[in-house]
Amino acid sequence: MQQYGLENIRNLVLLSHCGAGKTSLSEAILFTTKAITRLGKVDDGATTSDYDPDEVKRKISINLAVLPWQWKETKINLIDTPGYSDFVGEVKAAIRVSEGAIIVVCAASGVEVGTEQVWAYSDEAALSRLIFINKMDRENADFYKTLEQVQSKFGSKCLPVQLPIGAHNSFEGIVDLLTMKSYIGSPAKEGEIPESLQAQASSFREKLIEAAAETDDSLIERYLNGEELSVEELSDGLRQAVLNGKVVPVLVGSAIQNIGVISLLDAIHNYLPSPKEREVTIIGDSDKQEMIESSQDTPLAALVFKTTADPYVGKLTYFRVYTGAIDSNSQVWNATRGGIERIGQLFVLLGKTQEPISQLGAGDIGAVAKLSLTNTGDTLCSQAQPLKIVPILFPAPIFNEAVSPKTKADLDKLGAALTRLSEEDPTLHVHREADTNETILSGIGETQLEVAAEKMLRKFGVGVGLETPQVPYKETIMTLANAEYKHKKQTGGHGQYGHVLLSLEPLPRGSDPEFASKVVGGTIPRNYIPAIEKGVNEALHEGVLARYPVVDIKTTVYDGSFHPVDSSEICFKIAGAGAFKKGLSQGQPILLEPIMNIKVTVPNDYTGDILGDLNSKRARMQGMNPEEEANVIEAQAPLAEILRYAIDLKSITQGRGSYTVKFSHYEEVPPHIAQKIIAERQAEKV
Ligand SMILES: Nc1nc2c(ncn2[C@@H]2O[C@H](COP(=O)(O)OP(=O)(O)OP(=O)(O)O)[C@@H](O)[C@H]2O)c(=O)[nH]1
Ligand SMILES: [Mg+2]
């Protein structure tokens, strides 16, 4: 494969609500540009992009896929992304290494939740974009209604550069408003605009010319003087308007019927920015962010945006080069980790196909296998002139499941498999919950974690089950209690003797356990005090109500007695633990539960439903801040009630809500609920 100049590269991300047809469109593009010779279908599990067995099985995209092709003299790295919101991490990574976006909208469903979400992400990343209204062949497809929705949500800057000819099963092709020609069928045949569409085409063209001319004073003057502008002039003007974010061209077609695709390719080529037109943000001196230009003549800087475990080559690292070039069989500096990384054979990818390449230059995207210290988000550069590109910001996990290995062999391999999983998907986090002794896998949603569990079995041979995690309840006492315990055994010969009086005093929530001795006059010899403390500390592991750890108590040993021969450390340890347990029972023991700070962002329409639901979840409102069209609700809720909140929120808001959650403090469980928990724990024991 040849090397490309910066201006002859486009890095583009395909974005949409799930199922709008991104993968089908990418397949049609690859077929049209002859990158592939067979046009595969998502429904047959035969596309270049969705090759992963999880994707084939579910008929949805799960991983981003880099799909390079060439159009005219330009190389285009198209990145297909999943639309399902659980896989937002892939979307964020793909957006980060792209200069432009194609937002696909289904002509029958119109603007959906996911469309608005990816639009917001594109705004955040300031991506230049095109809109492709897809599925014109479908029943209920309505171009003009969809266009209206697009313009009302995203602004009148979304201007059609094409109009559809026909709809549903009589959808035939498109009218190009620049050339004022029609393109019918697949492969497209150029012709005149049908009579019936001429007036409409002229009126839409007017708006387009105005917007294109406005980017250039001389153009606008000529336009106002009634001069005819050439197609090239219009196209150049439009390009400027797209780069400035003043116009978002709207295209139309059918991915399945491969209609409108050639015009889309021209639009990508003509209007979307090259790497030359976008700067990259680096972390400069004293951690200040700075912008640098993409350039081929400066030393290497490349950003790693994805890591996968490939069944054939092992760990595969995807990167985007911003400056300089990277060579096969070389050494680079990983500025993020501060170490040398050996680069083996470089590849360019086309779905699962890997084509070896000797060098990749600035602006381009490629992959390399078996890197040892590099992770997603790292910068690879030259050791002589190191720099760090700002890493990709992934959303924090909000949904947890406890992972339980199916067999002993699975247990042994679990840790390594989980580490590799979270390497592959930076929105997956793993931690051990000491209180409940569970391994917790956290992510964005239920489907993502199910896919992760399947992947563990398929890729790493580890069978696991997923369950809702246990709540780490704790126990404490409400009142001061004194307790006495005598451990005494006289079974002939050497006996056992330890005798302890303790006072247990409740401490404020979140205190560290305290232990003190007020023994005077040697009623217990000093060397036995640490043994008593040990006994108390062990007894702290299991409370008397439901065997949960005990917290927020100060224990003071104030009296006792000993036997000169029979007493030993172990006897005092047993006596300490015994007295502590008795003290717990006498101090009005209660159950404590974790209370979380939860911050829910929902569109105004859903505020009432969300408040009602939170109320039923024993939440306490802390505040509500209206943002543009949304409300940010802050509340405190017991963890036990919001373990599956990601699922509830999705169903209440049809996916329009988002939330963050953070531990706040422990609080007493209301008595009627505590009774149930205690009864369940007791039943568990038998
Ligand atoms: N009628 C019709 N169906 C289409 C068209 N494009 C895609 N589809 C169908 O829509 C469904 C979803 O298509 P995909 O290409 O997987 O959509 P996607 O946007 O990649 O979906 P995710 O990656 O899961 O978000 C499949 O059943 C496709 O066959 C189209 O132009 N016309
Ligand atoms: Mg897809």
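Values below: every heavy atom of this structure, side chains too, minus hydrogens, waters and symmetry copies. On a predicted model such as this, the values are computed, not experimentally measured, just so you know. FYI, the numbering just counts along the sequence from 1.
- Heavy-atom contacts from other residues, nucleotides or ligands closer than 6.0 Å to CG of L373 number more than 12.
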* Could you please spell out the steps behind the salt bridge (Lys or Arg N to Asp or Glu O under 4.0 Å) verdict for K459 and E424? => CA-CA 12 Å; K459 281 193 171 175; E424 278 200 24; 3.0 Å; yes
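- To the nearest 0.5 angstrom, E27 atom CD is 14.5 Å from K22 atom NZ.
- Between the side chains of Q448 and D425, a donor-acceptor pair is found at a separation under 3.5 Å.
- With a 4.5 Å cut-off on side-chain heavy atoms, Y645 and V661 do not count as touching.
- Annotation for R58: atom CZ counts as buried by contact number, over 12 foreign heavy atoms lying within 6.0 Å.
- In the displayed structure, K315 atom NZ is contacted under 6.0 Å by more than 12 heavy atoms of other residues, nucleotides or ligands.
- Within a 6.0 Å sphere centred on NZ of K246, heavy atoms belonging to other residues, nucleotides or ligands number 12 at most.
- Between P68 and K75, some side-chain heavy-atom pair lies under the 4.5 Å cut-off.
- Between N400 and S442 there is a side-chain heavy-atom pair separated by less than 4.5 Å.
- Here the CD atom belonging to Q149 is positioned 9.5 Å from the CZ atom belonging to F154, to the nearest 0.5 angstrom.
- With respect to the salt-bridge test (charged N to carboxylate O, under 4.0 angstrom), the residues D54 and K455 do not qualify.
- The closest side-chain heavy-atom distance from P275 to R320 is below 4.5 Å.
- Shown are T317, T374, N334; of these, the side-chain hydrogen bond (donor to acceptor under 3.5 Å, both in side chains) with E341 is made only by T374.
- The neighbour count for N329 CG, taken as heavy atoms of other residues, nucleotides or ligands under 6.0 Å away, is above 12.
- The nearest pair of heavy atoms linking G344 to V368 is N-CG2, 3.9 Å.
- No side-chain N or O of T74 forms a donor-acceptor pair with one of R10 less than 3.5 Å apart.
- A 6.0 Å sphere centred on NZ of K650 holds more than 12 heavy atoms belonging to other residues, nucleotides or ligands.
- Judged purely by distance below 3.5 Å, without hydrogens or angles, the side chains of Q117 and S85 never pair a donor atom with an acceptor atom.
- The local environment of NZ in K153 is sparse, with at most 12 non-hydrogen atoms from other residues, nucleotides or ligands closer than 6.0 Å.
- Taking CG of L371 as the reference point, atom OG1 of T307 lies at 8.5 Å (rounded to 0.5 Å).
- Once rounded to the nearest 0.5 Å, the distance linking CG of L414 with OG1 of T419 reads 9.0 Å.
- For the pair R656/E116, a side-chain contact is recorded, criterion being any heavy-atom separation below 4.5 Å from C-beta on.
- Taking the charged nitrogens against the carboxylate oxygens, D266 and K72 do have a contact shorter than 4.0 Å, which makes a salt bridge.
- By the 6.0 Å contact criterion, NZ on K388 is open, its count of non-hydrogen atoms from other residues, nucleotides or ligands being 12 or less.
- A side-chain contact (heavy atoms from CB on, under 4.5 Å) with I365 is found for one member of I79, V321, L360, V348 and no other, namely I79.
- Separation of atoms CZ (R129) and NZ (K157) is listed at 6.0 Å; rounding is to 0.5 Å.
- Side-chain contact between L67 and L350: present, with at least one pair of heavy atoms (C-beta onward) separated by less than 4.5 Å.
- The two residues L64 and A93 make their nearest non-hydrogen contact at CD2-CB, 4.1 Å.
- Between L78 and L30, the closest side-chain pair of non-hydrogen atoms is not below 4.5 Å.
- A donor-acceptor contact closer than 3.5 angstrom links the side chains of E277 and S274.
- By the 4.5 Å heavy-atom criterion applied to side chains, N77 and I9 are counted as neighbours.
- For the atom pair OG (S295) and CD (E279), the distance works out to 12.0 Å, reported to the nearest 0.5 Å.
- For Y121, there are no ring pair (Phe, Tyr, Trp, His ring centres under 6.0 Å) partners, not counting sequence neighbours.
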